[in-house]
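By convention in this document, chain letters (A, B, ...) are assigned in the order of the sequence lines, proteins followed by strands, and residues within each chain are numbered from 1. Note that these values count all heavy atoms, side chains included, but never hydrogens, waters or copies made by symmetry.
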There are 2 protein chains.
Amino acid sequence: MSPETASKSERAYAAIKEKILGGGYTPGYRLVLAKLAEDLGFSVVPVREAVRRLEAEGFITFERNVGATVAGIDPTEYLYTMQTLSIVEGAATALSAPLIGPEDIARARGVNAAMRECLEHFDPVRFTALNLEFHSVLFENCPNPHILDMVHRGWNRLQALRSSTFNYVPGRAKESVAEHEALLKLLENGADADTVERAARAHRAATLDAYLARGTPEQQARMPLSPTY
Amino acid sequence: MSPETASKSERAYAAIKEKILGGGYTPGYRLVLAKLAEDLGFSVVPVREAVRRLEAEGFITFERNVGATVAGIDPTEYLYTMQTLSIVEGAATALSAPLIGPEDIARARGVNAAMRECLEHFDPVRFTALNLEFHSVLFENCPNPHILDMVHRGWNRLQALRSSTFNYVPGRAKESVAEHEALLKLLENGADADTVERAARAHRAATLDAYLARGTPEQQARMPLSPTY
DNA sequence: GATATGGTGATCGTATACGATATCGTACTT
DNA sequence: AAGTACGATATCGTATACGATCACCATATC
């Protein structure tokens, strides 16, 4: 029996990704294959495979004959990701809606209650984790695997970006919790897919708006995209 | 000077993808790394990298210690891809809309005219190629690279699927050309993004509907998703 | 002082070799 | 005859080695 059931390539992938998401490797950090391999105790080949995969998923950039660096994370990139998520998560939630049962709603409502508590104790870290859990309940039933995959990628990317760029926007979290409750009400009442999609999109767009409103006007002017439409 | 400027890994990727899209490797075909490497004149390492990349993009399936096969292409997969495209292409087109100028419209209209001719001479191959060109004009201006990338992947996937599963649906092509003209009118008149998105979605959904209507009622019942909403 | 040029080192790209694993056929047992 | 155990073979997974390429810096030249 090998030490782990997964291949070294996959373990390398998970380990590096973990470090990026957790902030162990900050954006701009130079990833040298040989060094990574030594740290992990593997050869460079599986490490290289892991790095290429992470590149394909947008976590790192890779230049031929030069090397890899943890992906840069400018505000534009954050906007791109949020906008993409608003679209694919909106669709995933709409497609999930008919498959969401009362027990799912109840669970989501419990999570949302816990988020409300986090507001009072000011625990943004737990708040963020619960936020993912809440939305997972809403979109995980999406029967289209491609769309679900895109949603997962978006959340991953967001996590990578947030750890370094995202500043907690004071008033926003409270609004977010309220919007969650409104979303649950829609689902309970069997709202049609189009309405659910719009609400899910608007929810994310509102977060983005709050982020943009935080910046100076000139920063906002540089944003090339309207956050929602 | 090397024979090509691209790395062997990339050339292998392009070559294998080409063969899949062109029908040289049909679905279910067993891809053996060593054999591919020999055929290409490369070593297995870059070939392996290419294969993993194609796997990530959905063109082939890969099982550990077993091997790779060209991705299976059942009707459900076609439906997933069409549904995903209706969403991301709709968004891409809506985001492109404000950036599309008169010269783009004119070009698209020319392409559409050529498609109309294809109908009369019954040239489905050229029709399909022109169809991509038409839609490219509509979505290529999309300023969000993530969304654009998802659209490209969808089209690629569709091309791979179509070469083996898609049967030309008789009446549909004519409708499609008419819908194209309607889309162009919307863009010319500066329709708002929401309207454009709905039209682009509906256009693709109509193609999917035509495909589904072609099958027996029992086949349709097995489809797990509503094509549009 | 600025720019061009060559050398040097770090890092990636690929080839080859070998070990690990799954699959399939065959023989044996019940 | 059916099922199971076992071994042979094909194929993948990883390690190691070396060649190729690029960035950097020192030096020379204008």
For [X] and [N], give me the distance from atom [atom1] to atom [atom2], rounded to whole Å.
X	N	atom1	atom2	value
A:Phe62	D:dT21	CZ	C1'	13 Å
A:Ile60	C:dC12	CD1	C1'	13 Å
A:Arg11	D:dG13	CZ	P	14 Å
A:Glu49	C:dG13	CD	P	14 Å
B:Leu40	C:dT14	CG	P	12 Å
B:Arg48	C:dT16	CZ	P	18 Å

Looking at every heavy atom in both [X] and [Y], which two are closest together, and how far apart are they?
X	Y	answer
A:Ala92	A:Phe139	CB-CB, 3.9 Å
A:Ala94	A:Ala193	CB-O, 3.5 Å
A:Phe59	A:Asn156	CZ-CB, 3.5 Å

Could you tell me if the side chain of B:Ser96 sits less than 4.5 Å from the side chain of B:Leu138, heavy atoms only?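 Sidechains of B:Ser96 and B:Leu138: no contact.
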Q. Taking the side chain as C-beta and beyond, is there a heavy-atom pair between A:Tyr211 and A:Arg172 under 4.5 Å?
A. no
So, A:Arg107 side chain and A:Val137 main chain: donor-acceptor pair closer than 3.5 Å or not? no
Donor-acceptor under 3.5 Å (B:Arg157 side chain, B:Thr81 main chain):
no
Q) With the threshold set at 4.0 Å, does a side-chain nitrogen-carboxylate oxygen contact exist between A:Glu49 and A:Arg52? A) no
**Prompt:** Looking only at side-chain N and O atoms, does A:Ser43 come under 4.0 Å of OP1 or OP2 in D:dT14?
**Reply:** no
DNA chain D nearest-nucleotide lookup for B:Ala34 and B:Val45: closer to the 5′ end is B:Ala34
| Does B:Glu63 or A:Pro46 map to a spot on DNA chain D nearer the 5' end, using the closest nucleotide for each? |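 Between the two, 5'-proximity favours B:Glu63.
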Would you tabulate the pairs of protein nitrogen or oxygen atoms and nucleotide nitrogen or oxygen atoms of nucleotides 5-11 of chain D closer than 3.5 angstrom?
none

task: Please list every stem that involves DNA chain C, where a stem is a run of 3 or more consecutive Watson-Crick or G-U wobble pairs with both pairing distances under 3.5 Å.
output: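 Detected stem regions: C:1-30 with D:1-30.
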Contacts of B:Arg153 meeting salt bridge (charged side-chain N to carboxylate O under 4.0 Å, His left out) (sequence neighbours excluded), chain-then-number -> B:Asp149
Nearest-nucleotide pick for A:Val44, side chain only, options being C:dG13, C:dA15, D:dT16: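 Nearest nucleotide to the side chain: D:dT16.
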